[in-house]
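See structure below.
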Amino acid sequence: MNTTPSSALHVTSTTASDRPRSDQDQPQVDATKRVRATGERALVLGGGGSTGNAWLIGVIAGLFDAGLDVTEADLVIGTSAGSTAAAQIAGATPTELLAAILAAAPQQRTGPVGSDGGRVAVTPVADHMERTSKIIAAAEDAADMRRRMGAAALDLDAASDGSGQARWRATVAARLLSQRWPQRTVLVTAVDAHTGEPVVFDRHSGVDLVDAVAASCASGFAYRIGDNRYIDGGYRRNENADLAAGYRRVLVLSPFGGRTRTPLEWGMHLAAQVDELRARGSRVETIFPDSNSDHMFGANAMDLSLRPPAARAGYNQGSALAEQLSEFWR
C-alpha cells in the first residue's frame, strides 16, 4: 500500500440555529442529538466545490463497479458539495451518477460563488476567496469566524434583489434525482448565519432535502429556510467527520485533501477530526485526490470544465482502492 504523503489512501486502522430559541420553538431542526452514539459504518463526504462533487461521485462509482458499495453505510455525512453527493447517491446508483457527469455538455469556467457548480452570485471565485481569507485572518477563533462569515453573507443578501434564492434552490433540485430524504441516516451540515452556530439537518428536521443541501452549499450568501438563514456547512469543518464518533469504521472522502484555510490551533483540519474518532475507538480510512489530479481542486474547484476529468480521476482511484478497502468496510 502506498504510504507517501501524496498517496490516495491513508489508512489508520487502529481502534485506538438561527437566533437563540427554546425547545418549544424549533426543537426538531438540529439533528446533532439524534445521531446514534454507536454504529458500524459511516461514510463522510467533504466539501470541495463543483470538481469536488464530481470527484466524490467518481470515487464512489469506482468502488461500486469494483464490487464495494459504500452507499450502504449506516450513516452518511455530507458537507457542502459533499451534501449534494450524499443526496445524489440516495436517489441513483453511483454508475448512473458518474455517467451523467461524463455525458454532460462541456462547460466553461463561470466563476460563481457557491458549491457544486451553481450560479448564485456574480462575484468571481478569487474575490470570494480574498474576502473570506480576510474574515478568517481577523477572527479570534472558529466560533468568531463563523459569526463573521454569517454576518458578511447577510450583508451581501441585504444588498441583493433576493432573486438568487429561488434560482439556487432550482439549481440544487435539478441535481437530485430524488428529493426525498432516504430512510438510511443522512446528515447534512450547515451554519446558522445569524448566530454562527453549527446546525445538522436530517430527515426528522422538518426541512426538505433540497433546502438542507442548498443551505449546506451556500458559501457566498445566506440561504433562507423559513425565518432562518444558513451558510455553508464547511464553516463548521470541511469534512465534519467528528459527527461519526462512535462508529466502528469511518471512511472519509476529502476533495481538499484534508487541508484547511483556518489556523491549525482551531482544530478544524481533518487530522484533528481523525484523532477525535480514534479516541472513540473508530477505525478510519481517508481518500484524497492523488497528486496527478490535485490541480483540479482548491482554486479551480468551481471550474465546470474540470468536472469530467475530476470524476474520471476519482473513478480510477476508487477502482484501484476497492480491494484494499474491502476487508475494512465489510
Side-chain angles (χ1 to χ4, degrees), residues 45-62 78-89 91-92 94-132 156 163-177 210 213-221 223 231-234 238 253-257 259 261 288-290 292-318:
L45 305 176
S50 182
T51 58
N53 170 265
W55 178 83
L56 290 168
I57 294 300
V59 172
I60 295 169
T79 296
S80 197
S83 73
T84 306
Q88 288 171 321
I89 62 175
T95 304
E96 292 169 334
L97 294 171
L98 175 67
I101 294 173
L102 298 181
Q107 302 183 64
Q108 298 301 314
R109 182 171 182 161
T110 60
V113 175
S115 289
D116 196 28
R119 295 196 64 183
V120 299
V122 297
T123 309
V125 170
D127 182 54
H128 173 69
M129 295 290 285
E130 181 180 357
R131 286 188 296 105
T132 54
L156 285 176
S163 62
Q165 167 92 13
R167 291 199 304 270
W168 179 231
R169 192 183 195 281
T171 296
V172 172
R175 296 185 182 281
L176 308 184
L177 294 181
V210 172
V213 172
S216 186
C217 295
S219 63
F221 73 111
Y223 184 81
I231 58 173
D232 198 297
N238 196 55
L253 276 59
S254 175
F256 285 158
R259 297 185 295 271
R261 297 166 60 203
F288 302 155
D290 59 29
N292 293 327
S293 58
D294 195 56
H295 67 282
M296 292 186 281
F297 308 96
N300 292 321
M302 300 311 299
D303 188 341
L304 302 186
S305 69
L306 292 178
R307 277 179 61 79
R312 284 191 290 267
Y315 183 86
N316 292 337
Q317 286 186 257

When rounded to the nearest 0.5 angstrom, what distance separates [atom1] in [X] from [atom2] in [Y]?
X: Ile231; Y: Ser219; atom1: CD1; atom2: OG; result: 9.5 Å
X: Ile101; Y: Trp55; atom1: CD1; atom2: CH2; result: 12.5 Å
X: Thr171; Y: Leu176; atom1: OG1; atom2: CG; result: 11.0 Å

Non-hydrogen side-chain atoms of Arg169 and Val210 separated by less than 4.5 Å: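 Side chain of Arg169 against side chain of Val210, heavy atoms only: contact under 4.5 Å found.
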Test item: Leu156 and Arg131 side chains (from C-beta on) under 4.5 Å apart, heavy atoms: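 Yes, at least one pair of side-chain atoms sits under 4.5 Å.
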Exercise: do Ser50 and Asn53 side chains pair donor with acceptor under 3.5 Å: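 No, no side-chain donor-acceptor contact under 3.5 Å.
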With sequence neighbours left out, write down each residue that passes side chain to side chain contact (heavy atoms under 4.5 Å, CB included) with [X], or none if nothing qualifies.
X: Ala100; result: none
X: Arg312; result: Leu102, Pro308, Pro309
X: Ala214; result: Trp168, Val172, Tyr223
X: Thr51; result: Phe297, Ala301, Leu306, Ala310

What are the two closest non-hydrogen atoms of [X] and [Y], and how far apart are they?
X: Arg261; Y: Met129; answer: NH2-O, 3.2 Å
X: Cys217; Y: Ser83; answer: SG-OG, 3.7 Å
X: Asn300; Y: His295; answer: ND2-O, 2.8 Å
X: Val213; Y: Ala87; answer: CG2-CB, 4.0 Å
X: Leu97; Y: Ile57; answer: CB-CG2, 3.6 Å
X: Gly48; Y: Pro255; answer: CA-CB, 4.0 Å

Test side chain to side chain donor-acceptor pair (under 3.5 Å) applied to Arg259 - qualifying residues, sequence neighbours left out: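 Residues passing side chain to side chain donor-acceptor pair (under 3.5 Å) with Arg259: none at all.
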Working for side-chain contact (heavy atoms from CB on, under 4.5 Å), residues Ile60 and Leu45: CA-CA 10 Å; Ile60 295 169; Leu45 305 176; 4.0 Å; yes
Side-chain donor/acceptor of Gln317 to backbone N/O of Phe288, under 3.5 Å: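 Yes, because the side chain of Gln317 sits within donor-acceptor range (under 3.5 Å) of the backbone of Phe288.
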